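Please see the structure below; I have some questions.
Protein chains get the first letters and strands the later ones, always in sequence-line order, with residue 1 at the start of each. This structure is a prediction, so every number in the text was calculated from the model and none was measured.
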Amino acid sequence: MEIPKQYTPLGTEDKWYKRWMDSGCFKSQPDNREPFTIVIPPPNVTGVLHMGHMLNNTIQDVLIRRARMQGKNACWVPGTDHASIATEAKVVNKLRSEGIEKSSLTREQFLDHAWQWKEKHGGIILDQLKKLGASCDWDRTKFTMDPDMSEAVIDVFIDLHKKGLVYRGVRMINWDPSAQTALSDEEVIFKETPSKLYYIKYFIEDSSESITIATTRPETILGDTAICVHPEDERYAHLVGKNVFVPLVNRAIPIIADEYVDREFGTGALKVTPAHDVNDYMLGIKFNLPVIDVIASNGTMSNAAQLYIGQDRFAVRKQIVKDLETSNNLVKSEDIINKVGHSERTDSVIEPRLSLQWFVKMGEMAKPALDAVNNGSVKLHPAKFVNTYKHWMENVKDWCISRQLWWGQQIPAWYDGQGDFVVAKTEQEAIAAFSEKGKSFSTGQLKQDEDVLDTWFSSWLWPISVFDPQFVNKPKSEWNEDLRYYYPTHDLVTAPEILFFWVARMIMAGIEYTGEVPFSNVYLTGIVRDKLGRKMSKSLGNSPDPIDLIHKYGADGVRMGMLLTSPAGNDLPFDESLCEQGRNFNNKIWNAFRLLSGWEVADIEQPESSKQAIHWFGERLKEEVKNVEELFQKYRISEALMGLYKLTWDDFCAWYLEAIKPAYQQPIDRKTLNETKAYFEELLKLLHPFTPFITEEIWHFLSERTPGSYLMMDAQPKVSSFDSQVIQEFEQVRNVVAAVRNFRNEKGISPKETLDLICGSRTQQNLLPFTAVLEKLGNLSPLNYVSEKPQGSFQLMVGNDEFFLPANETMDLEAEKEKLEKELTYTRGFLDSVLKKLQNERFMANAKKEVVDSEKQKESDAIQKIQALENQLMLLNEMN
RNA sequence: GGGAGUUUAGCUCAGCUGGUUCAGAGCAUCUGCCUUACAAGCAGAGGGUCACUGGUUCGAACCCAGUAACUCCCACCA
C-alpha cells in the first residue's frame with residue numbers, strides 16, 4: 001500500500017466522526033465511574049458558528065476528551081439558547097422583508113413565525129460543531145425553550161416571587177425604542193459619541209432675569225419640571241425658589257437647589273426631567289416633582305410633549321434647536337464628546353424610561369455567590385478575573401428581567417384589570433389565588449402579563465435544568481438520577497464578556513436551588529481578534545468562515561491553530577498561519593507514521609544506538625506526561641499542547657526516530673520496532689484530545705485493533721516517576737551533535753563525511769550512556785579520548801565538555817582566537833560574579849545551602865573551563 | 001470618576017517563594033541543503049539596557065515607590 005506524502009483530513013474526519021457516533025462513543029449514562037461534566041454555553045439557536053465558538057468549543061472538547069481518556073465518565077451536554085431579543089429581532093426583520101409588520105400580527109401568529117424560523121435555522125450551529133469534532137452527547141441536546149426547560153423557568157420565577165426575591169415595580173429602566181423593550185443594565189453599551197451641548201435660556205417669572213442651562217438633549221425640555229442649582233452657588237442663590245418658564249410651552253417650573261449639581265459643568269444649572277434621566281428621576285423623588293413623559297415607547301414625542309407629537313426624538317432635537325433660536329432661548333452650542341448608551345442587540349440609542357417592570361433582588365443572592373469564588377469553591381482561570389467578579393458582586397443592582405417581547409417565557413402574572421395581580425403557573429391557579437383574596441373570576445377574565453423573561457433568566461438555570469428540569473423545591477434525594485450524578489459540573493468554558501450576565505448568575509441560581517455551586521472551574525477564554533487587533537465580527541467582515549478553515553486545514557489543524565497561542569484569558573490574535581502550523585504538525589505525525597510503516601522487520605540484533613535511544617525517550621516521555629498533567633491542572637492548555645508539539649516534533653521525530661532509523665533499505669530489528677510503535681501510540685494518546693481525527697486514523701493503522709475499539713476510548717498514559725539525569729545526559733549529547741553539525745556548516749564539511757571527534761578525558765563518563773547515539777547522529781567514527789590537545793585541531797566547548805576536531809590546513813587562526821577570547825572573557829566574568837558571592841559573608845550566611853552548593857559547583861566548573869580555554873589559546877599562539 | 005490588569009526577541013507568549021549555566025519557547029528572519037518519512041521538510045545561526053526612573057538587597061526581569069503607554073471592567077455627570 002502506498003501512503004501519500006501528505007495527509008488529507010477531508011474524508012478521514014467525517015469517517016471517524018460518523019464511526020464514533022455510530023458506536024456511541026460520545027454517550028454518557030450515570031454509572032459508578034467518576035463523572036466529568038461540562039455543559040456547553042448554549043449558542044443562539046439561530047446563530048452561525050464564528051471564531052469565538054471555535055476557540056471555546058475546541059477547549060471544551062480537549063477537556064472532555066482528556067477526561068474521558070482518564071477513565072472518567074465524561075459528559076458534554078450540548079444545546080442552544082432561544083436568545084429572545086436577538087432572535088426576535090431577526091424574525092421581525094425577516095417578516096419586514098416580506099412586507100409583514102410585527103404589529104399587524106397577534107402574539108400567536110408571531111410566535112408561529114418565530115418557531116418556523118427556529119426550525120429552519122436552529123441546529124445549524126450544532127452541525128457545525130460536529131465538523132470541529134465536538135464529542136458532545138447529542139442525545140442530551142437541549143433548547144432553553146423546550147417545554148420542560150421553560151417550565152423550570154416559570155417555576156423558578158414563581159418560587160422567587162414567593163420568596164420575595166422577584167418583585168414588580170416602577171423604575172427607571174433602559175428602554176430600547178427599536179426593539180421596544182426594557183433592557184438590563186448589562187445589555188447597555190456606552191459609546192463615546194460626538195454630541196452638541198446646547199445652552200438654553202429660561203426666563204424667570206416676574207423678572208427680567210433669565211437662567212441658562214446646558215443640555216445635550218434639548219428635546220426633553222418639554223418634560224422639564226424644575227431647574228436645579230448647587231445650594232452654595234452664589235451666582236444663583238437669589239433665584240432659588242423662583243419659577244421659570246419652560247421655553248416654547250411656557251409652563252412654570254421651580255428653581256431648586258441640590259448638591260448633586262456640579263457647579264463646574266456647563267453653567268452650573270441643570271434642567272430636571274424626571275421622566276427621561278435617571279438622576280433627574282432621583283431628584284424628582286426627592287423634591288416631589290411631577291413626571292412628564294414626553295417620549296413614547298417608539299422614540300417619538302408623546303402627547304404629553306404638547307409639541308412635535310409623533311415626530312422622532314432625533315428629528316425633534318434638530319427642530320427644537322431651530323425653534324429655540326427663533327424664540328430667543330438658545331444662547332450657544334458647543335461640541336462635546338459624551339457617552340451614550342446603546343442597545344447591545346439593536347444598537348439603537350437607549351432611552352432612560354420610567355416603567356413598570358419585574359426585578360430580581362440581587363443582594364441576598366450575591367453574597368454566597370461571592371463567597372463561593374472567594375473561598376475557591378469556584379475557581380476562575382485565570383485568577384485575575386476574581387477581582388472583577390468581586391467588584392461587580394459587591395456593587396450588584398437589582399436585575400430587570402421583564403422584556404417587552406414575545407419570543408421567550410411569558411411572565412406568569414395574572415391581572416384582574418383593576419390594578420391587582422397574582423403570580424401563578426396557570427390561569428386556573430391564578431383564579432384560585434384571587435379567590436383566596438376574596439375576588440372571584442372565571443376563565444377568560446384574567447389577563448396574563450404580556451411580557452417575557454430575559455433570556456438570562458432561563459440560561460442561569462442551564463447547568464441544573466439540562467439534567468432535571470423539575471428541580472424546583474426538591475431536596476437532593478428527589479432529584480432525578482442524572483442531576484444527582486452529573487451535578488455539580490466540573491468545568492465551564494466561556495467568554496469573560498458574560499461573566500456577569502451568565503456565570504455569576506448561574507452561581508447564584510446553583511446555590512439557591514441546589515445548595516451547591518454549579519461548576520468548580522471557569523475557564524475564561526479571550527477574544528478572537530484579527531491582525532489589526534479588532535474583534536472578529538460579522539459586521540466588520542473580518543472573520544474567516546470556520547467551516548472554510550476546516551476544509552482548508554482540517555479540523556485538527558484548525559483546533560491546533562486555535563490553541564497554539566491562546567493562554568486562558570488572553571486575547572487570541574488570529575492568523576491563518578496558525579492553522580497552517582497546525583496542519584504542518586499533523587503532516588509531520590503523518591510522515592512519522594509513514595516512516596515506520598515502511599520498515600521491514602527482521603530478527604536481527606538490536607543496535608546499541610537503538611537501545612540507548614529507547615532508554616532516553618522512555619524517560620523523556622514520562623517527563624512530558626507529568627508536565628502535561630501539571631499544566632492541565634492549571635488549565636494551561638496551550639502550554640500543554642506546545643509541550644507535546646515539541647515532544648513529538650523535536651524529541652520523537654528529530655532525535656529518536658533518527659537515532660533508531662535503520663540504514664537505507666535495511667530492516668529494523670523487531671524489538672526496536674515494537675518499542676517505537678509503543679512510544680508512538682503513547683504520543684497519539686497524549687495528542688488525541690487536541691487532534692482527535694488524525695490520531696484516531698493513525699492509531700488504527702499502527703496495529704490491528706479489535707472491532708469497536710477506538711483511541712478516543714483508550715486510556716491516557718499515567719504519570720510516573722522518571723530519571724531526570726538520563727534526560728540531562730542526553731541533552732548534552734544533543735548539544736555535542738549540534739556543535740559538530742555547526743562545525744560542519746562553518747567549515748563546509750558535508751554531513752556525509754564521517755568525522756573523528758576526540759574528547760577531552762574528563763568528558764568520557766558524561767557521554768558514555770549515549771556514545772552510540774552520538775556517533776550515529778554526528779556521523780562520527782568511534783570516539784577517542786585524550787588528555788592533551790592533539791596538534792592542529794579545533795577545539796569545541798560544549799558546556800564544560802571539551803572536544804577536538806581535526807583541522808584542515810585552511811584553519812583561520814585569528815578567527816579561532818577571537819572566538820576563544822570571547823568565551824574566555826565571558827567565563828572569567830562569570831567566575832568573578834560567582835566568587836564575589838562566595839566571598840561575601842552575608843551571602844554565605846543568608847543564602848540557602850543548595851544555592852551555596854550550586855555556586856561552588858559553578859566555581860569549579862568555571863575554573864576548569866577557563867583553564868581549558870587558556871590552554872587552547874596558548875597553543876594557538878604557539879602556532880603563530 | 002472608580003477599580004483591575006498589561007508592558008520580556010520582529011510577532012504571540014513562558015519565566016513559581018529574588019541567586020548571573022534564566023534571559024527562554026513557538027512562529028517569523030537569515031545561511032546551507034530537493035540527504036530515499038516529511039520542502040506542509042532537514043541542518044545550523046542571528047536576534048532582547050526584561051517600558052522608564054529611583055529605592056530595598058551581598059544580589060533584581062522578579063520586591064517597593066514614582067513616571068509613561070496600552071487594555072479591560074464598573075459608574076447617573078447634564
Side-chain angles (χ1 to χ4, degrees), chain A residues 3 5-7 172 185 190 197 213-217 220 228 260-262 264-266 269-273 277-282 338-339 341 352 384-392 395 496-497 499-500 527 531 533 553 557 564-567 569-573 575 577-578 580-581 583-599 636 638-639 642-643 645-646 653-654 657-658 661 664-665 737-738 741-746 748 750-752 799-800 829-830 832-834 836-837 839-848 850-852 854-855 857-858 861-862:
Chain A
I3 306 170
K5 278 188 180 184
Q6 286 185 358
Y7 168 66
M172 183 64 76
D185 292 345
F190 284 88
L197 185 62
I213 58 89
T215 180
T216 53
R217 304 204 52 197
T220 64
C228 190
Y260 164 72
V261 175
D262 177 357
E264 306 302 318
F265 189 90
L270 171 75
K271 70 192 259 318
V272 182
T273 322
D277 184 278
V278 183
N279 302 301
D280 292 12
Y281 176 64
M282 305 307 270
N338 75 337
K339 289 195 172 179
K384 69 175 177 183
F385 286 107
V386 172
N387 285 326
T388 318
Y389 179 86
K390 243 191 224 171
H391 189 252
W392 191 76
N395 299 287
E497 297 159 307
L499 186 59
F500 308 130
I527 295 165
K531 278 182 235 175
Y553 302 102
L564 274 168
T565 65
S566 58
N570 276 40
D571 285 356
L572 167 61
D575 189 289
S577 66
L578 291 165
E580 210 176 302
Q581 198 185 340
R583 180 201 59 183
N584 293 355
F585 177 75
N586 291 326
N587 200 49
K588 186 73 187 173
I589 315 174
W590 182 251
N591 276 288
F593 160 64
R594 275 185 75 212
L595 176 65
L596 58 147
S597 64
W599 286 327
R636 298 172 75 147
S638 54
E639 280 181 59
M642 184 48 73
Y645 178 96
K646 287 191 273 188
C653 293
L657 288 180
E658 291 299 329
K661 192 164 149 184
Y664 182 49
Q665 291 194 332
V737 172
R741 285 171 174 169
N742 188 27
F743 176 80
R744 289 178 192 273
N745 252 357
E746 281 178 6
S750 159
K752 288 175 179 164
N800 292 308
F830 175 67
D832 276 352
S833 75
V834 174
K836 224 159 114 192
K837 269 190 252 177
Q839 287 159 3
N840 184 318
E841 282 172 32
R842 299 183 65 172
F843 171 78
M844 296 303 281
N846 297 329
K848 280 178 283 189
E850 302 97 80
V851 176
V852 175
S854 98
E855 292 302 312
Q857 182 63 47
K858 284 179 199 168
D861 285 351

Nearest to the side chain of A:L595 - B:rU12, B:rA37, B:rG2? B:rA37
Check this for me: does the side-chain of A:K5 come within 3.5 Å of the base of B:rC38 through a donor and an acceptor? no
Got a minute to check which stems RNA chain B is part of, using Watson-Crick or G-U wobble pairs under 3.5 Å, three or more consecutive? B:1-7 with B:68-74, B:10-13 with B:24-27, B:29-33 with B:41-45, B:51-55 with B:63-67
How far does NZ of A:K271 sit from CG of A:D280, to the nearest 0.5 angstrom? 6.5 Å
On the side chain of A:Q581, is there an atom forming a donor-acceptor pair with the base of B:rA28 - under 3.5 Å, no angle test? no
Classify the nucleic acid contact of A:E497 as base, sugar-phosphate or nothing, counting any heavy atom under 4.0 Å across all strands shown. nothing
Scanning both residues in full, the closest heavy-atom pair of A:K384 with A:G569 reads NZ-O, 4.0 Å
Among B:rA14, B:rU12, B:rA37, which is the nearest nucleotide to the side chain of A:P573? B:rU12
Contact class for A:F385 (heavy atom, under 4.0 Å): base, sugar-phosphate, or nothing? nothing
I want to verify a distance call: between B:rC73, B:rU35, B:rC76, whose nearest atom is closest to the A:K752 side chain? B:rU35
Sugar-phosphate, base or nothing in reach of A:A738, heavy atoms under 4.0 Å: sugar-phosphate
Measuring only the P atom in each nucleotide, how far is B:rC50 from B:rG5? A whole number of Å is fine. 24 Å
Closest non-hydrogen atom pair between A:N586 and A:G557, with its separation: ND2-N, 3.3 Å
Nucleotide B:rG41, atom P - distance to CG of A:L657 in whole Å: 16 Å
Whole-Å distance between B:rG44 P and A:R744 CZ? 11 Å
Let me know the distance between CD of A:E746 and P of B:rA43, rounded to the nearest Å. 17 Å
Within less than 4.0 Å of OP1 or OP2 of B:rC42, is there a side-chain N or O belonging to A:K588? yes
Determine: side-chain N/O of A:N395 to OP1/OP2 of B:rA75, distance under 4.0 Å, yes or no. no
Without decimals, in angstroms, what is the distance between A:M172 CE and B:rC76 C1'? 10 Å
The side chain of A:N745 is closest to which nucleotide in this list: B:rU12, B:rA43, B:rA75? B:rA43
N/O (side chain, A:Y260) to phosphate O (OP1/OP2, B:rA78) under 4.0 Å: no
Nearest to the A:K646 side chain among B:rA37, B:rA78, B:rG26, which nucleotide is it? B:rG26
Grab the CE-P distance between A:M642 and B:rU12 for me, whole Å please. 15 Å
NA contact type, A:N387, heavy-atom cut-off 4.0 Å: base, sugar-phosphate, or nothing? sugar-phosphate
Could you tell me how far B:rC52 sits from B:rA61 if I compare only their P atoms? Round to whole Å. 11 Å
Of all the nucleotides listed (B:rA43, B:rA78, B:rC13), which has the minimum atom distance to the side chain of A:R741? B:rA43
Of all the nucleotides listed (B:rG3, B:rC38, B:rA45), which has the minimum atom distance to the side chain of A:H391? B:rG3
Span that lies between the P atom of B:rC13 and that of B:rG18, in whole angstrom: 26 Å
Under 4.0 Å between any heavy atoms, over every strand shown, what does A:N338 touch: base, sugar-phosphate, or nothing? Just pick one. sugar-phosphate
Distance between C1' atoms of B:rA51 and B:rU6 (Å, rounded): 11 Å
C1'-based separation of B:rG1 from B:rC62 [nearest Å]: 33 Å
Which value, in whole Å, describes the distance between the P atoms of nucleotides B:rU17 and B:rC64? 11 Å
Looking at the side chain of A:A654, which of B:rA43, B:rG2, B:rA75 is the nearest nucleotide? B:rA43
For A:R583, answer base if it contacts any base atom (sugar-phosphate contacts may also be present), sugar-phosphate if it contacts only those atoms, and nothing otherwise; contact means non-hydrogen atoms under 4.0 Å. base
By the 4.0 Å heavy-atom rule, please label A:N586 as base, sugar-phosphate, or nothing. nothing
Check the orientation of A:W392 and A:F500. Use parallel for under 30°, tilted for 30 to 60°, and perpendicular for over 60°. parallel
Identify the heavy atoms of A:M172 and A:Y281 that sit nearest to each other, and give their distance. CE-CB, 3.4 Å
Does a distance-only test, which skips hydrogens and angles, find a donor-acceptor pair under 3.5 Å between the side chain of A:E639 and the base of B:rA14? no
B:rA28 versus B:rU12 - spacing of their C1' atoms, nearest Å: 11 Å
For A:N570, report the nucleic acid contact type (base, sugar-phosphate, nothing); a contact means any heavy atom under 4.0 Å. sugar-phosphate
In whole angstrom, give the distance that lies between atom CG of A:D575 and atom P of B:rG26. 19 Å
Looking across every strand, which nucleic acid part, if any, lies under 4.0 Å from A:D262 by heavy atom: base, sugar-phosphate, or nothing? base
Mind checking A:P567 for me? I need base, sugar-phosphate or nothing, with any heavy atom below 4.0 Å counting as a touch. sugar-phosphate
Spacing of A:Y389 atom OH relative to B:rG5 atom P, expressed in whole Å: 18 Å
Tell me: CZ of A:F265 to C1' of B:rC76, nearest whole Å? 13 Å
Nearest-Å distance once atom P is located in both B:rC76 and B:rA60: 47 Å
Distance check, rounded to the nearest 0.5 Å: A:Y7 atom OH versus A:N584 atom CG? 14.0 Å
Would you classify A:K271 as touching base, sugar-phosphate or nothing, given that sugar-phosphate means primed atoms plus P, OP1 and OP2, and contacts are heavy atoms under 4.0 Å? nothing
For a quick test of reading the model, state the closest non-hydrogen atom pair linking A:A214 to A:G266 and the distance between them. CB-CA, 4.0 Å
Check step by step if side-chain hydrogen bond (donor to acceptor under 3.5 Å, both in side chains) holds for A:K390 and A:T388. CA-CA 5 Å; A:K390 243 191 224 171; A:T388 318; over 6 Å; no
If you look at every heavy atom in A:F190 and A:G341, which pair is closest and at what distance? CD2-N, 3.6 Å
